[in-house]
> 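Sharing a structure below in structure tokens format, with a few things to ask.
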Amino acid sequence: MSKEWNIGDSALSSRLFLGTAAYPSLDMLQKSIDASKPGLVTVSLRRENAAGSGQGFWNIIKQFNIPILPNTAGCYSAKEAVTTAEMAREIFDTNRIKLEVIGDDYTLQPDPYGLLDATEQLIAKGFEVYPYMTDDLVLAQRLVDLGCNILMPWGAPIGSGRGLNNIYALKQLRTRFPDKILVVDAGLGAPSHAAAAMEIGYDACLLNTAVAKAGNPALMAKGFAKAIDAGRAAYLAGIITAQDQATPSTPLLDKPFWHQEKKA
């Protein structure tokens, strides 16, 4: 099974997208990226500094030569998100942007109205928008209608570690948008959560807190990378349908030879 796949105009080597915030040290960030070898790394302009105290951070990101997905984390309005995206394009020389427009402080749930507004503006400006969204089917359709080829529904609130709160809604999105790239973004806590997302046909998983806050971030990052590969393999192989009754794995063709009656 080849790991290489295409998203937009980039060929990626992994279906793991890894965030770069909140690690206990730059050394641990470096080890986590090296252990998991993600296809993309995400970076927030509002939380990292491209110079001065942040130079060590940028040196680590550059050394791996992994495609960067800038994001608009921390933006609470379409105007703020669009401005941040334009700054990111100048710094990173990429039209790719993970679009976040937060609508609630407690759950960090995205604002669907602000998200649609910002998406429309950014696509008109030539951006390839990766929208962080809820698992709402109607919102997904509106984003696709605006020109999004990638959708990034949450599994659960950011940093919660709850996994896939609404597996039904996520399956519906996969069924309704078979030709779009779907990435579970936010809320994953364990590698098994990522494997479950891949098993239902999602194309990738984006995570940050589950790795950065783990007891051993590098080991957890490696675990997630393996789980994503395993989930993808299971999806491609075809998972058996669950049923209520048992089915013997070894068909009973006859009695064992030592139980057969001797013929006269």
> Between Thr72 (side chain) and Glu100 (backbone), is there a donor-acceptor pair under 3.5 Å?
yes
> For Leu16 and Ala225, which heavy atoms make the closest approach, and how far apart are they?
CD2-CB, 4.1 Å
> Out of curiosity, Thr247 OG1 to Gln243 CD, how far, rounded to the nearest 0.5 Å?
3.5 Å
> Can you tell me how far CZ of Phe17 sits from CG of Leu69, rounded to the nearest 0.5 angstrom?
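Nearest 0.5 Å value for the CG-CZ distance: 7.5 Å.
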> Of all the heavy-atom pairs spanning Leu206 and Val183, show the shortest one and how long it is.
N-CG1, 3.9 Å
> Compare every heavy atom of Ile68 with every heavy atom of Arg96, then report the nearest pair and how far apart it is.
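The answer is NH1-O, 3.3 Å.
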> Side-chain atoms of residues 184-198: list all donor-acceptor pairs with protein atoms under 3.5 Å, sequence neighbours left out, distances to 0.1 Å.
from   : atom 1 : to     : atom 2 : distance (Å)
Asp185 : OD1    : Lys98  : NZ     : 3.4
Asp185 : OD2    : Lys98  : NZ     : 3.1
His193 : ND1    : Gly189 : N      : 3.0
His193 : ND1    : Ala190 : N      : 3.1

> How close do Asn71 and Ser44 get, counting heavy atoms only, and between which atoms?
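Taking every non-hydrogen atom into account, OD1-CB, 3.1 Å.
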> Determine, step by step, whether Ile66 and Ile33 satisfy the side chain to side chain contact (heavy atoms under 4.5 Å, CB included) criterion, reporting the C-alpha distance in whole Å, the side-chain angles of both residues, the deciding distance to 0.1 Å, and the verdict.
CA-CA 10 Å; Ile66 295 172; Ile33 295 174; 3.7 Å; yes
> Over all heavy atoms of both residues, which pair between Ile97 and Ala88 is shortest? Give the atoms and the distance, please.
CD1-CB, 4.1 Å
> Please list, chain by chain and in numerical order, all residues satisfying ring pair (Phe, Tyr, Trp, His ring centres under 6.0 Å) with Phe92, sequence neighbours excluded.
Trp58
> Under the side chain to side chain donor-acceptor pair (under 3.5 Å) rule, what pairs show up with a residue in residues 139-160, not counting sequence neighbours?
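Pairs touching residues 139-160 that pass the test: Gln141-Asp145, Asn149-Lys180.
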> Surrounding CZ of Phe64 (heavy atoms of other residues, nucleotides or ligands, distance under 6.0 Å), is the total greater than 12?
yes
> Under the ring pair (Phe, Tyr, Trp, His ring centres under 6.0 Å) definition, can you give me all pairs with a residue in residues 196-246, not counting sequence neighbours?
none
> Test of understanding: with salt bridge (charged side-chain N to carboxylate O under 4.0 Å, His left out), list the residues that count as partners of Arg174, not counting sequence neighbours.
Asp203
> Kindly list each side-chain donor-acceptor pair under 3.5 angstrom involving residues 117-127, sequence neighbours excluded, with atom names and distances?
from   : atom 1 : to     : atom 2 : distance (Å)
Asp117 : OD1    : Gln121 : NE2    : 3.0
Thr119 : OG1    : Leu115 : O      : 2.7
Lys125 : NZ     : Glu86  : OE2    : 3.1

> Taking everything shown except Glu90 itself, do over 12 heavy atoms lie less than 6.0 Å from its CD?
no
> In Å and rounded to the nearest 0.5 Å, what is the CG to SG distance from Asp111 to Cys75?
12.0 Å
> With sequence neighbours excluded, tell me which residues meet side-chain contact (heavy atoms from CB on, under 4.5 Å) with Asn165.
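Asn165 satisfies side-chain contact (heavy atoms from CB on, under 4.5 Å) with Ala156, Pro157, Arg162 only.
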> Could you tell me which residues satisfy side-chain contact (heavy atoms from CB on, under 4.5 Å) with Leu108, sequence neighbours excluded, listed by chain and number?
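For Leu108, the residues satisfying side-chain contact (heavy atoms from CB on, under 4.5 Å) (neighbours in sequence not counted) are Tyr76, Ile102, Ile158.
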> Listed by chain and number, what are the salt bridge (charged side-chain N to carboxylate O under 4.0 Å, His left out) partners of Asp104, not counting sequence neighbours?
none
> Name all residues meeting the side-chain contact (heavy atoms from CB on, under 4.5 Å) criterion together with Ser77; count only those two or more places apart in sequence or in a different chain, and write none if there are none.
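So Ser77 forms a side-chain contact (heavy atoms from CB on, under 4.5 Å) with Lys79, Glu80.
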> Between Thr42 (side chain only) and Pro70 (backbone N and O only), is there a donor and an acceptor less than 3.5 Å apart?
no
> For the CD1 atom of Ile61 and the CG atom of Leu29, what is their distance to the nearest 0.5 Å?
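Answer for the CD1-CG pair, Ile61 versus Leu29, is 5.5 Å.
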> By salt bridge (charged side-chain N to carboxylate O under 4.0 Å, His left out), which residues pair with Asp27, not counting sequence neighbours?
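With sequence neighbours excluded, Asp27 shows a salt bridge (charged side-chain N to carboxylate O under 4.0 Å, His left out) to Lys31, given in chain and number order.
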> Would you be so kind as to tabulate the donor-acceptor pairs closer than 3.5 Å made by side chains of residues 211-222, with sequence neighbours excluded?
from   : atom 1 : to     : atom 2 : distance (Å)
Asn216 : OD1    : Ala218 : N      : 3.4
Asn216 : OD1    : Leu219 : N      : 3.1

> Using 0.5 Å steps for rounding, measure from the OG atom of Ser25 to the CD atom of Gln30.
9.5 Å
> Could you tell me whether a side-chain N or O of Lys37 sits under 3.5 Å from a main-chain N or O of Asp34, the two making a donor and an acceptor?
yes
> Rounded to the nearest 0.5 Å, what's the gap from CG on Asp135 to CG on Leu151? Could you check?
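It comes to 12.0 Å.
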> Do Ile167 and Leu139 land in one hydrophobic cluster if side-chain heavy atoms of ILVMFWY residues count as linked below 4.5 Å?
yes
> Considering non-hydrogen atoms only, spot the tightest contact between Leu173 and Asp136 and give its length.
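That closest heavy-atom pairing would be CD2-O, 4.3 Å.
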